[in-house]
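This report concerns only the one structure given below.
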2 protein chains.
Amino acid sequence: MTRSGSNGGSADHRRTPVDAAATSPVTMGARRRASMREVADLADVAISSVSRVLSGHPDVSAQMRERVLSAVHRLEYEPDFLAQSLRRGQTLSVGFVLADISNPLMADIVLGAEAVLRGAGYSLLLMNSENDPRMDAQHVRFFQSRRVDGMLLSLASETDPTTLETISLTEGPAVVIDRRLPEELGASAVVNDHGPGMEAAVEHLIDLGHRRIALITGSTAQLPGRERMDAMRAVVARRPERVETIYRPGSFSTEHGEGAAREILSGPDRPTAVIAGGNQLLIGTLKVLREQGLRVGRDISLVTCDEVPLSELYEPPIATIQRETVGLGRVAAELLLGRLVGGEAPRTEVLPTTFLPRPSCASPPA
Amino acid sequence: MTRSGSNGGSADHRRTPVDAAATSPVTMGARRRASMREVADLADVAISSVSRVLSGHPDVSAQMRERVLSAVHRLEYEPDFLAQSLRRGQTLSVGFVLADISNPLMADIVLGAEAVLRGAGYSLLLMNSENDPRMDAQHVRFFQSRRVDGMLLSLASETDPTTLETISLTEGPAVVIDRRLPEELGASAVVNDHGPGMEAAVEHLIDLGHRRIALITGSTAQLPGRERMDAMRAVVARRPERVETIYRPGSFSTEHGEGAAREILSGPDRPTAVIAGGNQLLIGTLKVLREQGLRVGRDISLVTCDEVPLSELYEPPIATIQRETVGLGRVAAELLLGRLVGGEAPRTEVLPTTFLPRPSCASPPA
DNA sequence: GGGCTTCCCGGTAACGGTTCCGGGAACCCT
DNA sequence: AGGGTTCCCGGAACCGTTACCGGGAAGCCC
């Protein structure tokens, strides 16, 4: 049998499928993609046979394989991802919703996640929600319509009802990063245990003699903000010393860091130690400290969360509550892959935090 | 006429299309997506009419529109992006190849680009090439097979032949970021004019009395590295003063920054001023400066490229050759959109750099 | 030599849309 | 009344794959 290519009457004529694999010398590189149909015609076999060869189906003779592969090679055929996705019902892509990629913490997470996903043949769709819960929900819905196989979520809010409902309507698996969602949503999670790091930091400050400590942190609609406040409260409650505390939750931004720091530090009896609950908050805090001429590690002690170049290289180096940020992304991706290809059930993975003392913490001035 | 749904014999039976829009109480949210076919059946019209209504085709009566939209609403129908993409031949997605998202410069660029693309309905696929030209090419090919509509490229090497060939074989438009490619490739570009910023910095240092200046910079296979070295050479050549220069091109990494700085600064006659050509290089340089006990702005003058929190908040603040990083990404995205939807021709957009003097630069010690 | 496997292969119906074509009905004009 | 538009709609091809089904040919066994 010899199939003679193209069937006759087409109601739908767009580009004409002439000279398949010929690179026109003018528009270099604009070579039309070959389709499976063309491979089949060239090899003079059925299109289904081509598919079978390419997908490693057992019902293929050695001769058939050789014939098809040679045609594939000659046409430089590459399967169309789109058609495959449509047919197979999976896109091999995952969506990542995050507040702001320019935050180095997030960037590290993305770095880790992307590498793992890439290794498994998945690619990463990225959308910034600019810390707006409505955008969270919007992006989730958008990814859903894009038919991503799964999602990685670093949500602006853990409690926004629209976001939660949107997630519950989601088809594929979702993994939230450093957030906790209601069990019923069936999302996996990778979280840090923020308690130990924060507790060690507060203990350290109290041991140094601090009795008035301020915590500037992000939104309590997110796990880290809540756990950090709780941990500080717990330490203060169990220590025999009488320690005054100032809590300034708000948003995870330099603006809030600056505003809160200014408010805290301009009062009459200011704290002798400040904990900035994030790298953006640290920036705002440092601006105010400089502006007020307060010397870190002498006039005031300072602790920050999440290591960045600034914290290590600042003079003096800034004590930091650390966690493995790249690992966070990596684990998130692994959790997702586990559900995607391993058929695992949703689960929560907990990663540690530790406190790294540095010269920014000293005994309070007398 | 009344089409009675599903046609009889199917050779291909997967999930059975029963109870379209019914949320099962147990598996909440696992509602099957409705297809256009189902909408058409419910509205008792042809599938093509549904398509026409949804795509705003003029050949639609008011009554038809109302009927279809009501069915769409009842089934909560959403068109399948995949099927649309396959049929229309566009995916509304663009691929972004970059060295390393954890570099704040890159993160800012991505931030700017993503926002613009999102506004135009496009989404962003992201891949890190880890500064490996082979990965550049690999990712470009991968995106190509993913059928992205266009690409944003921040390449590890401007000269790698495999990469160039791969790009030349690319179908859609490409925009390179802060790189220059051979004209024939037909890529658009957004670049910084690194000359003015660097020239101003070097002039400033010479004016302050420096006669021995080192430049630690990234790969000369990338535009910024080349232009920065050229600019410094040009200034030194045209100034009457006799200025010695030390050039240490390498890679855009903390390791190179550290290695080069150590090498430069441990010699007998070390330079009195160092220019670090990037934020990663700055980090490496600062480590060495601290390690050798050299005080910035007193024992040695320091200039860096690209503003980061560290440069502004360091004590003393570090003079910086600045550029608008978020804008870089934004312009890149606009250039791409111009070609994607506006049908514009490839072109190159040039953005400025400026020098911001700060106390890290002072007269050399006597 | 007939019946039963086994091995392969071609045909074809999907996946879920878009768009071209043709044609019926209503309207207009002379 | 007949011919030409205009307005809408249904039918069908097609985008590029996948996977099921059926069947021909060859091999095996008794």
Side-chain angles (χ1 to χ4, degrees), chain A residues 1-3 6-17 20 32-41 43-65 67-68 72 75 77-91 145 147, chain B residues 1-3 6-17 20 32-41 43-65 67-68 72 75 77-91 145 147:
Chain A
M1 70 294 91
T2 299
R3 273 160 309 288
S6 60
N7 37 7
S10 160
D12 193 4
H13 41 87
R14 21 186 62 196
R15 60 186 182 198
T16 40
R32 219 178 56 76
R33 305 171 61 94
S35 76
M36 197 173 248
R37 161 92 265 156
E38 294 167 53
V39 174
D41 286 350
D44 200 32
V45 300
I47 201 173
S48 52
S49 296
V50 178
S51 175
R52 240 168 298 153
V53 169
L54 263 31
S55 63
H57 191 98
D59 285 1
V60 167
S61 67
Q63 175 195 333
M64 169 66 85
R65 184 179 340 274
R67 243 171 112 146
V68 167
V72 163
L75 293 178
Y77 166 78
E78 280 185 289
D80 186 321
F81 218 95
L82 239 51
Q84 286 184 322
S85 297
L86 176 62
R87 185 59 236 239
R88 297 214 258 239
Q90 58 161 326
T91 55
S145 91
R147 316 226 60 173
Chain B
M1 75 286 106
T2 299
R3 273 163 306 292
S6 61
N7 37 9
S10 160
D12 195 3
H13 41 86
R14 21 185 64 197
R15 63 185 178 199
T16 41
R32 220 179 55 75
R33 305 172 61 95
S35 77
M36 197 172 248
R37 161 91 264 155
E38 295 167 52
V39 175
D41 285 351
D44 200 31
V45 300
I47 202 172
S48 53
S49 296
V50 178
S51 176
R52 240 167 304 163
V53 168
L54 262 32
S55 63
H57 191 98
D59 285 1
V60 167
S61 67
Q63 176 195 332
M64 170 67 85
R65 184 180 338 274
R67 246 171 107 144
V68 167
V72 163
L75 294 178
Y77 167 77
E78 280 185 289
D80 186 321
F81 218 96
L82 238 52
Q84 286 184 322
S85 297
L86 176 61
R87 186 59 239 240
R88 297 214 258 239
Q90 58 162 327
T91 55
S145 90
R147 317 227 57 175

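Predicted model, so just to flag it, every value in this text is computed and none were measured.
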#### Entry: Touch class at under 4.0 angstrom, heavy-atom based, for B/D80 against every strand present
sugar-phosphate
### Message
Quick check for you: to the nearest 0.5 Å, what is the distance between B/F81 atom CZ and B/R88 atom CZ?
### Response
8.0 Å
#### Entry: Spacing of CE belonging to A/M36 relative to CG belonging to A/D80, to within rounding of 0.5 Å
10.0 Å
### Message
Return whichever of B/R65 or B/A83 has its heavy-atom-nearest nucleotide of DNA chain D closer to the 5' end.
### Response
B/R65
#### Entry: Side-chain donor/acceptor of B/T91 to backbone N/O of B/S85, under 3.5 Å
no
### Query
For B/R147 and D/dG16, what is the distance between atoms CZ and C1' respectively, to the nearest whole Å?
9 Å
### Query
Which whole-number value in Å describes the distance from B/L86 CG to D/dT17 P?
9 Å
#### Entry: Sugar-phosphate, base or nothing in reach of B/F81, heavy atoms under 4.0 Å
nothing
### Query
Side chain of A/R87, base of D/dT17: donor and acceptor closer than 3.5 Å?
no
### Query
Tell me: CE of B/M36 to C1' of C/dG16, nearest whole Å?
8 Å
### Message
The side chain of A/D59 is closest to which nucleotide in this list: C/dC8, D/dC8, C/dG16?
### Response
C/dC8
### Task
Would you mind reading off the distance between B/R88 atom CZ and C/dT19 atom P, rounded to a whole angstrom?
6 Å
## Note on the structure
CG (A/D44) and CZ (A/R67) are apart, to the nearest 0.5 Å, by 5.5 Å
### Task
Please tell me which of the listed nucleotides, C/dT12, D/dG10, C/dC9, lies nearest to the side chain of A/I47?
C/dT12
### Task
Please tell me if the side chains of A/Q84 and A/Q90 come closer than 4.5 Å, counting only heavy atoms from C-beta onward.
no
### Message
Ignoring hydrogens, what is the shortest heavy-atom contact between A/R33 and A/E38? Give both atom names and the distance.
### Response
O-OE2, 4.2 Å
### Query
Using the C1' atoms of five pairs at each end, what's the angle between the two axes of the helix from C/dG1-D/dC30 to C/dT30-D/dA1, to 10 degrees?
50°
### Query
Going from CG on A/L82 to CZ on B/R87, what distance comes out if it is rounded to the nearest 0.5 angstrom?
13.0 Å
### Query
Atom CD of B/Q63 and atom P of D/dC8: how far apart are they, to the nearest Å?
11 Å
### Nearest heavy-atom neighbours spanning A/V68 and A/V39
O-CG1, 4.2 Å
#### Entry: Nearest-Å distance for atom pair CG/C1', residues A/D41 and C/dG10
13 Å
### Query
Is B/E78 touching bases, backbone alone, or none of the nucleic acid, heavy atoms closer than 4.0 Å?
sugar-phosphate
### Query
To the nearest angstrom, how far is B/Q90 atom CD from D/dG16 atom P?
15 Å
### Qualifying side-chain hydrogen bond (donor to acceptor under 3.5 Å, both in side chains) pairs, either residue in residues 45-58 of chain A, two or more places apart
A/S48-A/R52
#### Entry: Integer-rounded Å distance: C/dA13 C1' and B/R37 CZ
14 Å
### Task
Drop me the distance from A/I47's CD1 to A/R37's CZ, to the nearest 0.5 angstrom.
5.0 Å
### Task
Answer yes or no: does a side-chain N or O of B/Q84 lie under 4.0 Å from OP1 or OP2 of C/dT18?
yes
### Query
When you measure from every atom of DNA chain C, which of residues 48-57 of chain A have a heavy atom less than 4.0 Å away?
A/S48, A/S49, A/R52
